[in-house]
Amino acid sequence: MTGDGTRVVHAGLPSPVPGRSFLPGPAFGAPYHLDPVLGPQPGVDGYGRTDNPTWRALEAAIGGLEGGECVTFASGMAAVSAVLLSVLRPGDTVVVPADGYYKTRAFASSHLAERGVTVLEAPTAGPYPALDTVRLLLIETPANPGLDVCDIAELAARVHAGGGLVAVDNTTPTPLGQRPLDLGADISVASGTKALTGHSDILLGYVCTRDPELAASLTAWRGSTGAVAGPFEAWLAHRSIGTLDLRLARQTANAAAVAELLASHPAVSSVRWPGRPEDPAYAVASRQMRRVPGVVTFTLADKAAVEVFLEASALVFAATSFGGLHSSADRRAQWGDDTPDGLIRFSCGVEDTDDLVADVRRALDAVVA
Ligand SMILES: Cc1ncc(COP(=O)(O)O)c(C=O)c1O
């Protein structure tokens with residue numbers, strides 16, 4: 001296999017044709033021309049809710065990186081809900097992360113529970129309930145925002161013993177950071193809104209699997225619900241994936257430097273980054289991950305301290321996403337996460353490391369001044 005930089009630059013591109021662009025532009029079409037006599041034909045695009053060549057190119061790119069067949073969706077939540085609703089039936093049991101993305105938990109406890117699915121929650125670092133009776137285990141590793149990690153292969157073996165399925169939310173690592181399907185998961189599902197595309201300008205989601213029946217049922221689900229990405233978003237995403245290796249390399253380097261600073265600063269009471277040898281998640285993360293993402297979570301004294309930190313920083317945007325070019329910080333309690341008032345999910349951008357560290361140091365100093 002070639003290196004990550006080479007793989008992302010060439011991911012999903014058509015073979016070179018003289019006079020054509022490297023990445024063909026977005027194909028905009030609601031209806032496409034039909035053969036006036038034959039009508040709809042298999043393999044010929046007919047309607048934009050089910051067929052689009054720009055998606056197919058993007059799906060070839062992401063599917064190649066994840067190592068499975070890819071189905072794209074309008075957003076990460078469209079992808080997560082497609083997995084949950086198309087796999088689970090009344091009477092089934094699903095386990096979702098107690099400390100993962102809060103909307104996934106909220107979706108499960110409302111829409112799934114009222115459809116007769118038993119919803120259990122488990123902390124990412126465990127303990128997990130009996131897994132040989134669950135239909136679906138959805139894990140998020142590293143979990144967002146606490147950054148705990150779980151052993152995908154070990155959990156997959158426990159679920160598979162009872163015939164269930166394992167889905168991994170791979171949003172934070174991206175397929176360059178972790179390949180859940182190689183580790184035994186049945187499904188890798190993610191928001192492409194974050195580091196995968198990384199420019200804070202599109203919403204996207206995807207699901208990858210090696211099971212052709214599951215891929216077909218997710219594709220059918222998307223066609224019926226209409227949870228499709230727009231062609232322009234799909235094209236922007238594909239273009240952005242070409243720099244994924246470069247962006248992640250800088251984000252991870254920045255996270256390593258910022259985590260060290262945070263660990264030694266008196267304004268900070270705790271710091272989590274699975275790339276630090278002192279971190280409880282370090283052992284499993286270094287075994288199963290190819291790279292550690294650029295997200296660091298730390299805790300200041302309280303809400304007021306976070307306000308001082310954000311106002312004193314010149315580079316860090318207050319924003320609730322992560323994985324983008326720009327460093328940003330989010331006080332998670334303001335969204336209802338069950339976290340301390342001063343807990344910040346900090347997303348390292350691709351600024352120069354020295355500049356970012358100096359800026360964060362100034363902002364932390366302002367907190368204790
Ligand atoms: C881990 C995780 N999964 C899924 C989502 C949902 O993605 P989207 O906002 O693209 O719907 C998010 C969004 O923050 C997330 O952090």
Side-chain angles (χ1 to χ4, degrees), residues 62-63 65-71 73 76-89 91-101 103-105 107-109 112 117-144 146-175 177-191 205-219 221 274 281 284-285 287-290 293:
I62 300 174
L65 299 174
E66 288 273 3
E69 194 174 334
C70 175
V71 185
F73 285 88
M77 279 316 294
V80 168
S81 57
V83 168
L84 295 172
L85 288 171
S86 63
V87 166
L88 294 164
R89 297 284 174 275
D92 285 344
T93 299
V94 63
V95 182
V96 297
D99 50 350
Y101 182 50
K103 285 282 184 196
T104 297
R105 206 161 43 247
F107 182 89
S109 61
L112 294 180
V117 174
T118 302
V119 178
L120 304 178
E121 293 183 8
T124 297
Y128 284 82
L131 293 177
D132 53 357
T133 50
V134 307
R135 172 70 186 129
L136 179 69
L137 169 68
L138 172 65
I139 49 185
E140 188 184 311
T141 176
N144 157 25
L147 302 181
D148 265 331
V149 161
C150 57
D151 187 325
I152 296 173
E154 189 211 310
L155 291 170
R158 286 172 59 189
V159 174
H160 290 158
L165 297 175
V166 176
V168 177
D169 185 323
N170 209 30
T171 301
T172 308
T174 83
Q178 178 168 279
R179 302 214 333 153
L181 304 180
D182 285 351
L183 297 166
D186 305 281
I187 295 167
S188 181
V189 55
S191 167
Y206 70 84
V207 184
C208 285
T209 178
R210 291 178 181 163
D211 176 344
E213 269 180 43
L214 195 51
S217 104
L218 287 159
T219 304
W221 176 272
V284 182
R287 212 166 52 234
Q288 81 183 358
M289 298 188 73
R290 302 176 71 242

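Quick note: numbers below take in every heavy atom, side chains included, and nothing from hydrogens, waters or symmetry partners. What you see is a predicted model, and the numbers here were worked out from it, not measured in a lab.
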Checking side-chain contact (heavy atoms from CB on, under 4.5 Å) for the pair Asp182/Arg210: CA distance, chi angles, key distance, verdict?
CA-CA 10 Å; Asp182 285 351; Arg210 291 178 181 163; 2.5 Å; yes
Between side-chain atoms of residues 121-133 and protein atoms elsewhere (two or more places apart, or another chain), which donor-acceptor pairs fall under 3.5 Å?
{"residue": "Thr124", "atom": "OG1", "partner": "Asp99", "partner atom": "OD1", "Å": "2.7"}
{"residue": "Thr124", "atom": "OG1", "partner": "Asp99", "partner atom": "OD2", "Å": "3.4"}
{"residue": "Tyr128", "atom": "OH", "partner": "Thr124", "partner atom": "O", "Å": "2.8"}

Does the side chain of [Y] come within less than 4.5 Å of [X]'s, by heavy atoms?
X: His160; Y: Asp186; value: yes
X: Pro175; Y: Arg290; value: no
X: Leu112; Y: Leu85; value: yes
X: Phe107; Y: Leu84; value: yes
X: Leu136; Y: Val83; value: yes
X: Met289; Y: Val284; value: no

Heavy-atom pair of closest approach, residues [X] and [Y]:
X: Cys208; Y: Leu181; answer: O-CD2, 3.9 Å
X: Glu66; Y: Pro180; answer: OE1-CD, 3.5 Å
X: Thr171; Y: Ala190; answer: OG1-CA, 3.5 Å
X: Ser81; Y: Ala78; answer: OG-O, 3.3 Å

Output all residues satisfying side chain to side chain contact (heavy atoms under 4.5 Å, CB included) with [X], sequence neighbours left out; order by chain, then residue number.
X: Ala281; value: Val149, Arg272, Pro274, Asp279
X: Arg135; value: Val87, Leu88, Asp92, Leu165
X: Thr174; value: Leu176, Ala195, Leu244, Leu248
X: Leu183; value: Ile152, Gln178, Gln288

Taking distance alone, no hydrogens or angles, what donor-acceptor pairs closer than 3.5 Å link side-chain atoms of residues 211-218 to residues at least two apart or in another chain?
{"residue": "Asp211", "atom": "OD1", "partner": "Glu213", "partner atom": "N", "Å": "2.9"}
{"residue": "Asp211", "atom": "OD1", "partner": "Leu214", "partner atom": "N", "Å": "3.2"}

Just how far is it from atom CG of Leu137 to atom SG of Cys150, taken to the nearest 0.5 Å?
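Taking CG in Leu137 and SG in Cys150, the distance rounds to 7.5 Å.
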Quick check for you: to the nearest 0.5 Å, what is the distance between Ile139 atom CD1 and Asn170 atom CG?
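These two atoms lie 10.0 Å from each other.
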Does Arg105 use its side chain to pair, donor to acceptor, with the backbone of Ala98 at less than 3.5 Å?
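It does hold such a pair.
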